Amino acid sequence: MASLLCFSSLLLVTLFFQISFCIVEQLPTPPLPLLPLPTYSQLKWQQREIIMFLHFGVNTFTDREWGTGHEKPSIFNPSALNTTQWATVAADAQISLMILTAKHHDGFCLWPSNYTLHSVVSSPWKSGKGDVVQEFVNAASAQGIDAGIYLSPWDKYEPRYGHDVAYNEYYLAQLQELLNKYENVREIWFDGAKDPKAENVSYYFSDWFSMVKELQSSINIFSDAGPDVRWVGDETGSAGNTCWSTINRTSLSIGSPDITAYLNTGDPRGVDWVPAECDVSIRKGWFWHKSESPKKLSELLDIYYNSVGKNCLLLLNVPPNSSGLISDTDANRLKEFRSSINTIFHKNLAESCYINVSSQRGDFGPEKMLDSDHLWSYWAPKEHDNEKEHWIEIWGKDGNIRFNVIRIQEAIGLGQRIKEHEIYVDHKLVIKGTTVGYKRLHRLDGDEVHAHVVRIRIREARGVPLISSIGLHFDPFWHSTFTMA
């Protein structure tokens with residue numbers, strides 16, 4: 001009898017553990033990530049979507065784009081410089097990061113550097129006791145805006161330029177000076193721009209990058225080759241129709257004209273996560289010129305769709321004028337630009353629709369694509385060897401959806417995956433696309449579309465696709481008569 005009781009108890013314990021194991025085994029888990037992955041700082045950078053560049057310096061007073069290096073510091077004398085106004089303009093446009101040209105190619109420094117007198121200390125502005133960079137950082141911080149710095153590698157004034165070791169020591173000294181003096185810099189900008197006829201200097205980029213990370217580890221470094229953010233390859237604010245956040249940094253040489261196509265599209269086999277930044281000016285030029293006006297709103301919206309809407313970040317230059325203020329025309333256009341984007345995307349028509357999907361992995365269902373988390377909440381289909389294509393269908397509950405923009409976002413925290421996708425509206429193929437990434441926006445031809453069903457078909461992906469958000473939106477400015485000079 002005792003043996004029977006022991007056997008029964010053992011049987012019950014075994015069944016309990018088997019049932020418990022089955023329950024644990026059935027709990028849904030996220031799919032494995034696909035390397036490479038973005039860092040925390042890169043994810044935060046991507047979510048900014050639009051940031052601001054401010055080109056300001058001696059060129060502002062000489063009506064030039066590239067200075068000569070022979071400008072006298074006495075020409076730098078803004079009568080009403082007010083960095084608080086800059087930050088207010090940025091805040092009104094919901095900009096979260098501003099980057100200032102602390103030194104452009106002319107070599108004039110907007111801060112009192114210990115390593116040159118070719119700076120604000122030799123100007124009449126504030127009797128040589130001013131510091132534009134400090135005022136800029138303070139004003140940005142007061143508005144809750146992060147600050148960034150551009151320090152031109154090409155220096156047309158500095159006599160050490162042309163001597164590799166001496167100039168790199170000078171440049172590193174100024175780099176240390178800036179990053180030690182001004183804390184919490186979130187992006188630092190390096191480029192390879194210079195006149196082909198200029199003296200040949202080898203920039204010690206690896207040394208510079210290492211020094212930056214040592215001084216401020218959370219900073220994002222921009223250059224042709226990253227390491228954190230790459231140039232998109234043009235200055236029109238337009239990424240490639242295919243745009244991977246992944247790239248092979250060893251294939252890149254900073255300043256080389258032969259890499260622009262590669263930068264524009266990225267590389268699906270890239271081993272480095274280096275997303276693209278699209279730099280463009282709100283005016284024709286980068287510095288303020290009295291003869292120029294800001295771009296039309298329709299042009300800026302085109303730029304937004306071709307940058308942010310193609311998995312990039314938009315760096316929009318808004319240059320202060322010779323008084324030291326952002327011109328009202330530029331400030332108003334920037335505010336209109338932000339207001340228009342908010343108008344287009346404030347309502348997601350898909351939220352009031354039925355969502356069907358090809359399959360579902362555990363609790364990673366279609367509802368995850370309609371919440372406010374566009375990074376870590378996502379729909380994941382089942383992984384079947386015989387199911388190579390996945391799809392999402394959006395059905396209008398009232399039988400009709402009025403829209404002209406389709407938005408798709410991937411859960412890039414687990415890697416960029418989609419290689420090819422198609423979109424059907426009422427069973428008619430309207431879009432043949434490639435990459436998606438953080439955000440892909442498709443504008444449909446015509447003022448508006450009336451449809452019963454929209455189908456997003458993932459034709460090819462690196463592993464199982466993970467969609468964090470989908471949206472149908474109506475853009476009232478697309479193909480409309482609304483234009484602003």
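Small disclaimer: the values here were computed from a predicted structure and weren't measured.
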### Message
Under a plain distance cut-off of 3.5 Å, with no hydrogens placed, do Asn220 and Ser41 share a side-chain donor-acceptor pair?
### Response
no

### Query
Looking at Thr434, Thr265, Thr435, which one forms a side chain to side chain donor-acceptor pair (under 3.5 Å) with Thr242?
Thr434

#### Entry: Check ion pair Arg230-Asp224 (N to O, under 4.0 angstrom)
no

### Query
For residues Asp234 and Thr236, is any side-chain donor paired with an opposing acceptor at under 3.5 Å?
yes

### Query
Do Tyr150 and Asp191 have a side chain donor and acceptor closer than 3.5 Å?
yes

### Task
Provide the closest heavy-atom pair for Val132 versus Thr83 in the form atom of the first, atom of the second, distance.
O-CG2, 4.4 Å

### Message
Below 30° counts as parallel, above 60° as perpendicular, anything between as tilted: where do the rings of His473 and Phe345 land?
### Response
perpendicular

### Task
Decide yes or no on side-chain hydrogen bond (donor to acceptor under 3.5 Å, both in side chains) for Asn168 and Trp208, but give the supporting numbers first.
CA-CA 9 Å; Asn168 276 277; Trp208 300 358; 3.2 Å; yes

### Query
Just checking, is any N or O donor in the side chain of Asp267 or Thr246 under 3.5 Å from an acceptor N or O on the other one?
no

### Task
Calculate, to the nearest 0.5 Å, the distance between atoms CG and CG belonging to Leu252 and Asp272 respectively.
9.0 Å

### Query
Are Asp164 and Val201 close enough that some pair of their side-chain heavy atoms sits under 4.5 Å apart?
yes

### Query
Should the pair Lys194 and Tyr203 be classed as cation-pi, given the thresholds of under 6.0 Å to the six-membered ring centre and 45° from the axis?
yes

### Query
Should the ring pair Trp86 and Phe136 be called parallel, tilted or perpendicular, given that the plane angle runs from 0 to 90° and is split at 30 and 60?
tilted

#### Entry: Check ion pair Asp63-Lys290 (N to O, under 4.0 angstrom)
no

### Summary
On a heavy-atom basis, the closest approach of Trp273 and Pro38 is NE1-CB, 3.3 Å

### Message
Tell me whether the rings of Phe337 and Tyr304 are parallel (<30°), tilted (30 to 60°) or perpendicular (>60°).
### Response
perpendicular

### Centroid separation Phe222 to Trp231 less than 6.0 Å
no

### Residue Leu117 excluded, over 12 heavy atoms near CG under 6.0 Å
no

### Task
Could you tell me whether Lys213 and Asp228 make a salt bridge, using a distance below 4.0 angstrom between a side-chain N and a carboxylate O?
yes

### Message
Using side-chain heavy atoms (C-beta onward) and a distance below 4.5 Å, is Ile412 in contact with Tyr378?
### Response
no

### Task
Using a strict 4.0 Å threshold on nitrogen-to-oxygen distance, state whether Asp195 and Lys156 make a salt bridge.
no

### Task
Check the side chains of Arg283 and Ser293 for a donor-acceptor pair under 3.5 angstrom, ignoring hydrogens and angles.
no

#### Entry: Residues forming a salt bridge (Lys or Arg N to Asp or Glu O under 4.0 Å) with Lys439, sequence neighbours excluded
Glu49

### Task
For the residue pair Pro465 and His390, establish whether any side-chain heavy-atom pair is separated by less than 4.5 Å.
yes

### Query
Minimum heavy-atom separation for Ala87 to Ala139, with atom names?
CB-O, 3.5 Å

### Task
Output, in order, the C-alpha distance, side-chain angles, deciding distance and verdict of salt bridge (Lys or Arg N to Asp or Glu O under 4.0 Å) for Asp155 and Arg160.
CA-CA 9 Å; Asp155 190 322; Arg160 280 168 282 203; over 6 Å; no

### Task
Tell me, with the steps shown, if Arg457 and Glu422 meet salt bridge (Lys or Arg N to Asp or Glu O under 4.0 Å).
CA-CA 5 Å; Arg457 185 183 183 195; Glu422 295 175 345; 3.3 Å; yes

### Query
Judged by atom type as modelled, is there a donor-acceptor pair below 3.5 Å linking the side chain of Gln42 to the main-chain atoms of Thr39?
yes

### Task
Report yes or no: does Asp106 contribute a side-chain atom to a donor-acceptor pair with the main-chain N or O of Thr68 at less than 3.5 Å?
no

### Message
With no hydrogens and no angle check, just 3.5 Å: does a side-chain donor-acceptor pair link Asn59 and Trp288?
### Response
no

### Task
Please lay out, stage by stage, how Glu65 and Lys284 fare under the test salt bridge (Lys or Arg N to Asp or Glu O under 4.0 Å).
CA-CA 11 Å; Glu65 283 293 292; Lys284 180 181 179 181; over 6 Å; no

### Message
Could you tell me if the side chain of Glu235 sits less than 4.5 Å from the side chain of Val280, heavy atoms only?
### Response
no

### Query
Considering only heavy atoms from C-beta outward, does the side chain of Ile303 approach that of Lys295 to under 4.5 Å?
yes

### Task
Considering only NZ, NE, NH1 and NH2 on the basic side and carboxylate oxygens on the acidic side, decide whether Arg48 and Glu277 come within less than 4.0 Å.
no

## Note on the structure
Tightest non-hydrogen contact, residues Val120 and Trp111, listed as CG2-C, 3.7 Å

### Query
Under 4.5 Å between any side-chain heavy atoms of Asn311 and Gln416, yes or no?
yes

### Message
Is there a side-chain contact between Pro73 and Val58 in this structure, where contact means two heavy atoms from C-beta onward sitting under 4.5 Å apart?
### Response
no

### Task
Measure the spacing between OG of Ser468 and NE2 of His374 and express it to the nearest 0.5 Å.
6.5 Å

### Query
Does a side-chain N-to-carboxylate-O contact under 4.0 Å join Glu336 and Arg333?
yes

### Task
Test Tyr157 against every option in His104, His70, His105, His118 by the ring pair (Phe, Tyr, Trp, His ring centres under 6.0 Å) rule and name the one that passes.
His118

### Query
Using 4.0 Å as the upper bound for N to carboxylate O, is an ion pair formed by Asp302 and Arg443?
yes

### Criterion side-chain contact (heavy atoms from CB on, under 4.5 Å) against Phe53, the qualifying member of Leu316, Thr101, Val318
Thr101

### Query
Does the pair Trp66 and Trp286 meet the rule for a ring pair (Phe, Tyr, Trp, His ring centres under 6.0 Å), with working shown?
CA-CA 10 Å; Trp66 281 6; Trp286 289 93; over 10 Å; no

### Query
Any side-chain donor paired with an acceptor under 3.5 Å for Asp131 and Tyr182?
yes

### Query
Taking the six-membered ring for Trp, are His421 and His442 parallel (under 30°), tilted (30 to 60°) or perpendicular (over 60°)?
tilted

### Message
Check whether Glu420 reaches the backbone of Ala461 with its side chain - one donor and one acceptor, N or O, closer than 3.5 Å.
### Response
no

### Query
Taking C-beta and beyond as the side chain, do Val165 and His163 meet within less than 4.5 Å on heavy atoms?
no

### Task
Step by step, work out the side-chain hydrogen bond (donor to acceptor under 3.5 Å, both in side chains) result for Thr116 and Glu158.
CA-CA 8 Å; Thr116 181; Glu158 176 53 46; 4.5 Å; no

### Task
Measure from the side-chain N and O atoms of Glu199 to the backbone N and O of Gly162, and report whether any donor-acceptor pair falls under 3.5 Å.
no

#### Entry: Distance flag, aromatic centroids of Tyr170 and Tyr115, threshold under 6.0 Å
no

### Query
Quick one: OG on Ser123 to CG on Leu110, what's the gap to the nearest 0.5 Å?
9.5 Å

## Note on the structure
Of Lys181, Lys103, Glu177, the one forming a side chain to side chain donor-acceptor pair (under 3.5 Å) with Ser113 is Glu177

### Validation row, ring centre Tyr161 to ring centre Tyr167 under 6.0 Å
yes

